[in-house]
Amino acid sequence: MVFGNWSDPSADPGRPVAYVPASVRRSAKIVVAGGFGVGKTTLIGSVSEVAPLRMEEPITEESTGVDDLRGTPGKTTTTVGMDFGRIHLAGGSLALYLFGLPGQIRFRPLWEDLTEGALGCLVLADTRNLDACHGALTLLEERGTPYAVAINTFPDAPAHPDAELREALALDPATPLTRCDARDRASSLYALITLAEYLTTRPAATHLDPLESLR
Amino acid sequence: MTGPRRDPDMVRPYVRTGGQIRPRADVRLESVVIAANGPTGALAADARLVMRLFAPGDGDPGGGGPRGGGLAVADIAAALEMPPSTVRILVSSLMDSGHLTSPPSALPDEPASDVLQEVLRGLRELV
Ligand SMILES: Nc1nc2c(ncn2[C@@H]2O[C@H](COP(=O)(O)OP(=O)(O)OP(=O)(O)O)[C@@H](O)[C@H]2O)c(=O)[nH]1
Ligand SMILES: [Mg+2]
(Lines give C-alpha, C1' and ligand atoms only; values in the text may rest on other atoms or scores of the structure.)
(Ligands and ions follow the chains in the order given, each with its own letter.)
Protein backbone atom coordinates (compact mmCIF):
# COMPACT_ATOMS: atom_id res chain seq x y z
CA MET A 1 0.00 0.00 0.00
CA VAL A 2 1.39 3.38 -0.95
CA PHE A 3 0.39 6.09 1.42
CA GLY A 4 -0.23 9.62 0.26
CA ASN A 5 1.20 12.75 1.71
CA TRP A 6 -0.08 13.63 5.10
CA SER A 7 -0.57 17.04 6.52
CA ASP A 8 0.64 17.69 10.03
CA PRO A 9 -2.23 16.37 12.16
CA SER A 10 -1.62 19.07 14.75
CA ALA A 11 -2.21 21.75 12.14
CA ASP A 12 -5.94 21.20 11.93
CA PRO A 13 -8.56 19.87 14.29
CA GLY A 14 -9.83 17.08 12.06
CA ARG A 15 -8.28 13.81 11.00
CA PRO A 16 -5.22 13.78 8.73
CA VAL A 17 -5.98 14.07 5.09
CA ALA A 18 -4.17 12.91 1.96
CA TYR A 19 -4.39 15.63 -0.66
CA VAL A 20 -5.18 14.72 -4.22
CA PRO A 21 -2.02 14.99 -6.37
CA ALA A 22 -1.89 18.03 -8.64
CA SER A 23 -1.66 15.65 -11.59
CA VAL A 24 -5.31 14.62 -11.12
CA ARG A 25 -7.45 16.02 -13.89
CA ARG A 26 -10.65 14.18 -13.19
CA SER A 27 -12.22 11.82 -10.69
CA ALA A 28 -14.64 8.94 -10.88
CA LYS A 29 -16.16 6.50 -8.46
CA ILE A 30 -17.08 2.88 -8.09
CA VAL A 31 -19.32 1.63 -5.28
CA VAL A 32 -18.53 -1.53 -3.32
CA ALA A 33 -21.71 -2.97 -1.87
CA GLY A 34 -22.99 -6.05 -0.13
CA GLY A 35 -24.37 -7.22 3.19
CA PHE A 36 -22.84 -6.52 6.58
CA GLY A 37 -19.44 -8.10 7.16
CA VAL A 38 -19.02 -9.34 3.61
CA GLY A 39 -15.61 -7.76 3.11
CA LYS A 40 -16.29 -4.28 1.68
CA THR A 41 -13.87 -2.49 3.97
CA THR A 42 -11.27 -5.20 3.45
CA LEU A 43 -11.46 -4.92 -0.35
CA ILE A 44 -11.24 -1.13 -0.32
CA GLY A 45 -8.25 -1.32 2.03
CA SER A 46 -6.56 -3.90 -0.21
CA VAL A 47 -6.64 -1.73 -3.31
CA SER A 48 -6.51 1.83 -1.97
CA GLU A 49 -3.32 3.81 -2.47
CA VAL A 50 -4.10 6.10 0.45
CA ALA A 51 -5.11 5.01 3.92
CA PRO A 52 -8.83 4.26 3.68
CA LEU A 53 -11.04 6.83 5.34
CA ARG A 54 -14.49 6.71 6.82
CA MET A 55 -17.41 9.09 6.54
CA GLU A 56 -20.40 8.96 8.85
CA GLU A 57 -23.88 10.01 7.91
CA PRO A 58 -26.55 10.19 10.59
CA ILE A 59 -29.95 9.05 9.43
CA THR A 60 -33.16 9.65 11.31
CA GLU A 61 -35.77 7.00 11.07
CA GLU A 62 -39.30 7.67 12.14
CA SER A 63 -41.28 4.63 13.11
CA THR A 64 -44.92 4.70 12.09
CA GLY A 65 -46.04 3.80 15.58
CA VAL A 66 -47.73 0.63 14.42
CA ASP A 67 -45.49 -1.60 16.41
CA ASP A 68 -44.58 0.96 19.00
CA LEU A 69 -45.89 -0.31 22.30
CA ARG A 70 -46.48 3.19 23.66
CA GLY A 71 -48.35 4.16 20.55
CA THR A 72 -46.25 7.25 19.92
CA PRO A 73 -44.22 7.62 16.74
CA GLY A 74 -40.61 7.03 17.66
CA LYS A 75 -37.54 8.60 16.15
CA THR A 76 -34.12 7.08 16.20
CA THR A 77 -30.89 8.37 14.81
CA THR A 78 -28.44 5.84 13.47
CA THR A 79 -25.03 6.59 12.07
CA VAL A 80 -24.15 4.84 8.86
CA GLY A 81 -20.47 4.45 8.12
CA MET A 82 -19.11 4.63 4.60
CA ASP A 83 -15.52 3.63 3.95
CA PHE A 84 -13.66 4.87 0.97
CA GLY A 85 -10.27 4.66 -0.65
CA ARG A 86 -8.60 6.05 -3.73
CA ILE A 87 -6.50 4.74 -6.61
CA HIS A 88 -4.61 7.02 -9.00
CA LEU A 89 -4.77 5.82 -12.60
CA ALA A 90 -3.67 6.96 -16.02
CA GLY A 91 -0.34 8.38 -14.92
CA GLY A 92 -1.95 10.05 -11.93
CA SER A 93 -4.44 12.01 -14.01
CA LEU A 94 -7.51 10.06 -12.87
CA ALA A 95 -8.52 9.61 -9.22
CA LEU A 96 -10.76 6.59 -8.84
CA TYR A 97 -12.65 6.65 -5.55
CA LEU A 98 -14.05 3.43 -4.12
CA PHE A 99 -16.94 3.78 -1.68
CA GLY A 100 -18.27 0.98 0.50
CA LEU A 101 -21.83 0.91 1.78
CA PRO A 102 -24.04 -1.88 3.14
CA GLY A 103 -26.99 -2.58 0.89
CA GLN A 104 -29.83 -1.84 3.26
CA ILE A 105 -33.10 -0.59 1.86
CA ARG A 106 -33.35 1.85 4.75
CA PHE A 107 -30.08 3.45 3.61
CA ARG A 108 -31.75 4.52 0.35
CA PRO A 109 -30.96 8.26 0.64
CA LEU A 110 -27.28 7.44 1.10
CA TRP A 111 -27.44 5.17 -1.90
CA GLU A 112 -28.83 8.00 -3.98
CA ASP A 113 -25.81 10.16 -3.18
CA LEU A 114 -23.41 7.30 -3.65
CA THR A 115 -24.71 6.01 -6.96
CA GLU A 116 -25.13 9.47 -8.49
CA GLY A 117 -22.58 9.53 -11.28
CA ALA A 118 -21.03 6.21 -10.23
CA LEU A 119 -19.44 4.21 -13.02
CA GLY A 120 -20.78 1.01 -11.53
CA CYS A 121 -20.87 -1.16 -8.46
CA LEU A 122 -19.08 -4.29 -7.29
CA VAL A 123 -21.46 -6.32 -5.14
CA LEU A 124 -19.71 -8.64 -2.70
CA ALA A 125 -21.57 -11.79 -1.70
CA ASP A 126 -20.91 -14.48 0.88
CA THR A 127 -22.32 -17.91 0.03
CA ARG A 128 -23.13 -18.47 3.71
CA ASN A 129 -25.72 -15.72 3.42
CA LEU A 130 -26.56 -14.88 -0.17
CA ASP A 131 -29.77 -13.15 0.87
CA ALA A 132 -27.68 -10.42 2.48
CA CYS A 133 -26.92 -8.86 -0.90
CA HIS A 134 -30.52 -8.65 -2.08
CA GLY A 135 -30.86 -5.18 -0.59
CA ALA A 136 -27.90 -3.96 -2.63
CA LEU A 137 -29.20 -5.57 -5.82
CA THR A 138 -32.64 -4.02 -5.32
CA LEU A 139 -31.20 -0.54 -4.72
CA LEU A 140 -28.86 -0.78 -7.71
CA GLU A 141 -31.63 -1.88 -10.02
CA GLU A 142 -33.81 0.98 -8.80
CA ARG A 143 -31.01 3.40 -9.56
CA GLY A 144 -30.09 1.84 -12.87
CA THR A 145 -26.49 1.42 -11.69
CA PRO A 146 -24.68 -1.38 -13.54
CA TYR A 147 -23.00 -3.95 -11.34
CA ALA A 148 -20.95 -7.13 -11.20
CA VAL A 149 -21.12 -9.68 -8.38
CA ALA A 150 -18.01 -11.09 -6.68
CA ILE A 151 -18.26 -14.02 -4.31
CA ASN A 152 -15.89 -13.28 -1.46
CA THR A 153 -14.48 -16.69 -0.62
CA PHE A 154 -14.53 -17.32 3.11
CA PRO A 155 -12.92 -20.61 4.20
CA ASP A 156 -16.03 -22.24 5.65
CA ALA A 157 -18.37 -20.94 2.95
CA PRO A 158 -20.12 -23.56 0.84
CA ALA A 159 -19.08 -23.69 -2.83
CA HIS A 160 -21.90 -23.60 -5.34
CA PRO A 161 -21.81 -23.85 -9.11
CA ASP A 162 -22.21 -20.51 -10.89
CA ALA A 163 -25.58 -21.50 -12.31
CA GLU A 164 -26.98 -22.03 -8.83
CA LEU A 165 -25.54 -18.77 -7.58
CA ARG A 166 -26.97 -16.88 -10.54
CA GLU A 167 -30.35 -18.37 -9.91
CA ALA A 168 -30.24 -17.67 -6.18
CA LEU A 169 -29.29 -14.05 -6.87
CA ALA A 170 -31.65 -13.74 -9.87
CA LEU A 171 -28.81 -12.34 -11.97
CA ASP A 172 -29.27 -11.20 -15.52
CA PRO A 173 -27.32 -13.52 -17.85
CA ALA A 174 -25.10 -10.58 -18.88
CA THR A 175 -24.18 -9.65 -15.29
CA PRO A 176 -20.63 -10.81 -14.50
CA LEU A 177 -20.20 -13.23 -11.61
CA THR A 178 -16.67 -13.68 -10.29
CA ARG A 179 -14.84 -14.73 -7.13
CA CYS A 180 -12.30 -12.88 -5.05
CA ASP A 181 -10.39 -12.77 -1.82
CA ALA A 182 -10.91 -9.26 -0.55
CA ARG A 183 -7.74 -9.51 1.54
CA ASP A 184 -5.65 -9.91 -1.57
CA ARG A 185 -4.85 -6.83 -3.62
CA ALA A 186 -4.47 -8.54 -7.00
CA SER A 187 -7.57 -10.65 -6.46
CA SER A 188 -9.57 -7.54 -5.51
CA LEU A 189 -8.21 -5.68 -8.55
CA TYR A 190 -9.25 -8.55 -10.82
CA ALA A 191 -12.78 -8.31 -9.45
CA LEU A 192 -12.78 -4.58 -10.25
CA ILE A 193 -11.39 -5.33 -13.71
CA THR A 194 -14.24 -7.77 -14.30
CA LEU A 195 -16.66 -4.97 -13.46
CA ALA A 196 -14.80 -2.46 -15.65
CA GLU A 197 -14.73 -4.86 -18.60
CA TYR A 198 -18.47 -5.27 -18.31
CA LEU A 199 -19.00 -1.51 -18.07
CA THR A 200 -16.98 -0.85 -21.21
CA THR A 201 -18.58 -3.58 -23.27
CA ARG A 202 -22.22 -3.64 -22.29
CA PRO A 203 -24.45 -2.10 -24.96
CA ALA A 204 -26.05 0.37 -22.55
CA ALA A 205 -22.64 1.97 -21.92
CA THR A 206 -23.56 4.73 -24.33
CA HIS A 207 -26.29 6.05 -22.12
CA LEU A 208 -25.24 6.35 -18.55
CA ASP A 209 -27.69 8.66 -16.88
CA PRO A 210 -28.25 6.98 -13.51
CA LEU A 211 -31.37 9.02 -12.86
CA GLU A 212 -32.99 8.14 -16.13
CA SER A 213 -34.70 5.07 -14.76
CA LEU A 214 -36.36 7.21 -12.12
CA ARG A 215 -37.88 9.77 -14.46
CA MET B 1 -31.10 15.01 -7.39
CA THR B 2 -34.52 15.76 -8.68
CA GLY B 3 -37.96 14.96 -7.40
CA PRO B 4 -39.08 14.08 -3.92
CA ARG B 5 -37.25 11.53 -1.85
CA ARG B 6 -38.86 8.19 -2.17
CA ASP B 7 -38.64 7.41 1.50
CA PRO B 8 -40.37 10.18 3.44
CA ASP B 9 -39.52 8.51 6.74
CA MET B 10 -35.93 9.52 6.42
CA VAL B 11 -34.63 13.01 6.79
CA ARG B 12 -31.12 14.31 7.01
CA PRO B 13 -29.80 17.12 9.11
CA TYR B 14 -29.43 20.24 7.03
CA VAL B 15 -29.17 22.59 9.95
CA ARG B 16 -25.43 23.07 9.55
CA THR B 17 -25.61 24.31 6.01
CA GLY B 18 -27.24 27.67 6.54
CA GLY B 19 -30.56 26.59 5.16
CA GLN B 20 -29.29 25.52 1.79
CA ILE B 21 -30.73 22.10 1.24
CA ARG B 22 -29.55 20.97 -2.14
CA PRO B 23 -26.01 20.60 -3.43
CA ARG B 24 -24.98 21.57 -6.92
CA ALA B 25 -25.39 18.67 -9.32
CA ASP B 26 -21.69 18.82 -10.17
CA VAL B 27 -20.62 18.52 -6.53
CA ARG B 28 -20.58 14.83 -5.83
CA LEU B 29 -18.80 12.80 -3.20
CA GLU B 30 -15.82 12.25 -5.51
CA SER B 31 -15.66 15.81 -6.87
CA VAL B 32 -12.26 17.39 -6.26
CA VAL B 33 -12.01 21.05 -5.30
CA ILE B 34 -9.18 23.45 -4.52
CA ALA B 35 -9.05 26.86 -2.86
CA ALA B 36 -9.78 29.79 -5.14
CA ASN B 37 -8.26 33.23 -4.80
CA GLY B 38 -11.70 34.38 -3.90
CA PRO B 39 -13.23 36.55 -1.23
CA THR B 40 -11.98 36.38 2.32
CA GLY B 41 -15.13 37.68 3.93
CA ALA B 42 -16.69 36.23 7.05
CA LEU B 43 -17.79 32.66 6.79
CA ALA B 44 -19.93 30.54 9.06
CA ALA B 45 -18.07 28.21 11.40
CA ASP B 46 -18.49 25.03 9.36
CA ALA B 47 -17.50 26.73 6.12
CA ARG B 48 -14.44 28.11 7.89
CA LEU B 49 -13.48 24.59 8.98
CA VAL B 50 -13.70 23.44 5.37
CA MET B 51 -11.54 26.33 4.16
CA ARG B 52 -8.94 25.63 6.84
CA LEU B 53 -8.18 22.32 5.16
CA PHE B 54 -7.10 24.29 2.11
CA ALA B 55 -4.92 26.76 3.98
CA PRO B 56 -1.20 26.43 3.30
CA GLY B 57 0.49 24.52 6.11
CA ASP B 58 4.06 24.77 7.27
CA GLY B 59 6.13 22.79 4.83
CA ASP B 60 2.93 21.58 3.28
CA PRO B 61 3.68 18.12 1.90
CA GLY B 62 0.58 17.98 -0.24
CA GLY B 63 2.30 19.39 -3.26
CA GLY B 64 -1.09 19.54 -4.90
CA GLY B 65 -1.23 23.26 -5.44
CA PRO B 66 -0.62 26.60 -3.89
CA ARG B 67 -2.89 26.04 -0.91
CA GLY B 68 -2.51 22.46 0.27
CA GLY B 69 -3.88 20.78 -2.80
CA GLY B 70 -7.17 19.32 -3.87
CA LEU B 71 -9.62 17.30 -1.84
CA ALA B 72 -12.76 15.46 -2.80
CA VAL B 73 -15.98 16.10 -0.92
CA ALA B 74 -15.56 12.67 0.70
CA ASP B 75 -12.03 13.53 1.87
CA ILE B 76 -13.36 16.71 3.50
CA ALA B 77 -16.20 14.82 5.21
CA ALA B 78 -13.76 12.26 6.61
CA ALA B 79 -11.19 14.86 7.69
CA LEU B 80 -13.73 17.05 9.47
CA GLU B 81 -15.91 14.18 10.70
CA MET B 82 -18.91 15.86 9.12
CA PRO B 83 -21.76 14.07 7.33
CA PRO B 84 -21.01 13.89 3.60
CA SER B 85 -24.46 15.25 2.74
CA THR B 86 -23.63 18.38 4.75
CA VAL B 87 -20.20 18.75 3.16
CA ARG B 88 -21.68 18.48 -0.34
CA ILE B 89 -23.86 21.46 0.42
CA LEU B 90 -21.09 23.44 2.14
CA VAL B 91 -18.77 22.85 -0.82
CA SER B 92 -21.53 23.87 -3.23
CA SER B 93 -21.98 27.16 -1.37
CA LEU B 94 -18.23 27.75 -1.20
CA MET B 95 -17.98 27.22 -4.95
CA ASP B 96 -20.86 29.60 -5.57
CA SER B 97 -19.22 32.21 -3.35
CA GLY B 98 -15.86 31.82 -5.08
CA HIS B 99 -13.95 30.33 -2.15
CA LEU B 100 -13.48 26.94 -3.78
CA THR B 101 -13.12 25.97 -7.39
CA SER B 102 -12.34 23.03 -9.63
CA PRO B 103 -8.64 22.37 -10.22
CA PRO B 104 -7.37 24.47 -13.15
CA SER B 105 -6.27 21.32 -14.93
CA ALA B 106 -9.69 19.71 -14.61
CA LEU B 107 -10.93 18.23 -17.83
CA PRO B 108 -14.38 19.14 -19.00
CA ASP B 109 -16.98 16.43 -18.71
CA GLU B 110 -16.18 13.73 -21.17
CA PRO B 111 -18.25 10.88 -22.49
CA ALA B 112 -18.55 8.30 -19.75
CA SER B 113 -17.24 5.65 -22.11
CA ASP B 114 -13.85 7.41 -22.29
CA VAL B 115 -13.54 7.42 -18.53
CA LEU B 116 -14.52 3.75 -18.41
CA GLN B 117 -11.82 2.87 -20.93
CA GLU B 118 -9.27 4.75 -18.88
CA VAL B 119 -10.37 3.03 -15.67
CA LEU B 120 -10.15 -0.39 -17.30
CA ARG B 121 -6.72 0.30 -18.76
CA GLY B 122 -5.52 1.79 -15.47
CA LEU B 123 -6.71 -1.14 -13.35
CA ARG B 124 -5.06 -3.62 -15.72
CA GLU B 125 -1.78 -1.76 -15.35
CA LEU B 126 -1.91 -2.29 -11.58
CA VAL B 127 -1.89 -6.08 -11.57
N1 LIG C 1 -11.37 -15.47 4.64
C2 LIG C 1 -11.70 -14.25 4.25
N3 LIG C 1 -12.01 -13.34 5.18
C4 LIG C 1 -12.35 -12.11 4.77
C5 LIG C 1 -12.40 -11.76 3.41
N6 LIG C 1 -12.80 -10.49 3.30
C7 LIG C 1 -13.01 -10.04 4.53
N8 LIG C 1 -12.73 -11.01 5.45
C9 LIG C 1 -12.87 -10.87 6.90
O10 LIG C 1 -14.24 -10.69 7.17
C11 LIG C 1 -14.45 -9.75 8.21
C12 LIG C 1 -15.38 -8.63 7.75
O13 LIG C 1 -14.75 -7.90 6.69
P14 LIG C 1 -15.06 -6.35 6.47
O15 LIG C 1 -14.18 -5.93 5.36
O16 LIG C 1 -14.97 -5.59 7.73
O17 LIG C 1 -16.54 -6.41 5.99
P18 LIG C 1 -17.52 -5.17 5.68
O19 LIG C 1 -18.34 -5.59 4.52
O20 LIG C 1 -16.78 -3.91 5.54
O21 LIG C 1 -18.38 -5.14 6.99
P22 LIG C 1 -19.41 -3.99 7.49
O23 LIG C 1 -18.76 -2.68 7.20
O24 LIG C 1 -19.56 -4.28 8.95
O25 LIG C 1 -20.68 -4.19 6.75
C26 LIG C 1 -13.07 -9.25 8.58
O27 LIG C 1 -12.69 -9.94 9.75
C28 LIG C 1 -12.22 -9.63 7.41
O29 LIG C 1 -10.88 -9.89 7.80
C30 LIG C 1 -12.04 -12.75 2.46
O31 LIG C 1 -12.04 -12.54 1.26
N32 LIG C 1 -11.70 -13.98 2.93
MG1 LIG D 1 -17.06 -2.09 6.54
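Residue numbers begin at 1 in each chain, while the letters A, B, ... track the order of the sequences.
Between A:Glu116 and B:Arg88, the closest side-chain pair of non-hydrogen atoms falls below 4.5 Å. Within the 4.5 Å cutoff, the side chain of B:Val87 has no heavy atoms near those of the A:Met55 side chain. With a 4.5 Å cut-off on side-chain heavy atoms, B:Asp75 and A:Tyr19 do not count as touching.
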Start with the C-alpha gap between A:Arg86 and B:Glu30, add the side-chain angles, then the distance that decides, and say whether salt bridge (Lys or Arg N to Asp or Glu O under 4.0 Å) holds.
CA-CA 10 Å; A:Arg86 195 203 298 157; B:Glu30 72 279 20; over 6 Å; no
Before giving the answer on side chain to side chain contact (heavy atoms under 4.5 Å, CB included), spell out for B:Val127 and A:Tyr190 the whole-Å C-alpha distance, their side-chain angles and the decisive distance to 0.1 Å.
CA-CA 8 Å; B:Val127 289; A:Tyr190 279 121; 3.9 Å; yes
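Considering every non-hydrogen atom in both A:Ala18 and B:Leu71, the closest pair reads O-CD2, 3.8 Å. Closest of all the heavy-atom pairs between A:Leu96 and B:Val119 is CD2-CG1, 4.1 Å. The shortest heavy-atom contact between B:Leu126 and A:Arg185 is O-NH1, 3.7 Å. Heavy-atom minimum distance, A:Ile87 versus B:Leu123: CD1-CD2, 4.1 Å. Contact record, A:Phe84 with B:Ala74: CZ-O, 3.2 Å, taken as the closest heavy-atom pair.
Of the atoms belonging to B:Arg28, it is side-chain heavy atoms, and not backbone ones, that fall under 4.5 Å from chain A. Only the backbone of B:Ser31 comes within contact range of chain A, with at least one heavy atom under 4.5 Å from a heavy atom of that chain. Residue contact with chain B, scored on non-hydrogen atoms closer than 4.5 Å, is absent for A:Thr79. Interface residue A:Leu94: only side-chain heavy atoms are found under 4.5 Å from chain B.
Between chain A and the options B:Pro103, B:Pro84, B:Ala72, heavy-atom pairs under 4.5 Å are most frequent for B:Pro84. Of the listed residues (A:Ser27, A:Ala90, A:Gly91), the greatest number of heavy-atom pairs within a distance under 4.5 Å of chain B belongs to A:Ser27.
The pair B:Glu81-A:Arg54 fails the salt-bridge criterion, with no side-chain N (NZ, NE, NH1 or NH2) lying under 4.0 Å from an Asp/Glu carboxylate O.
The main-chain N or O of B:Met82 is never found under 3.5 Å from a side-chain atom of A:Glu56 such that the two would form a donor-acceptor pair.
Exactly one residue among A:Leu89, A:Leu199, A:Ile193 makes a side chain to side chain contact (heavy atoms under 4.5 Å, CB included) with B:Leu120. That residue is A:Ile193.
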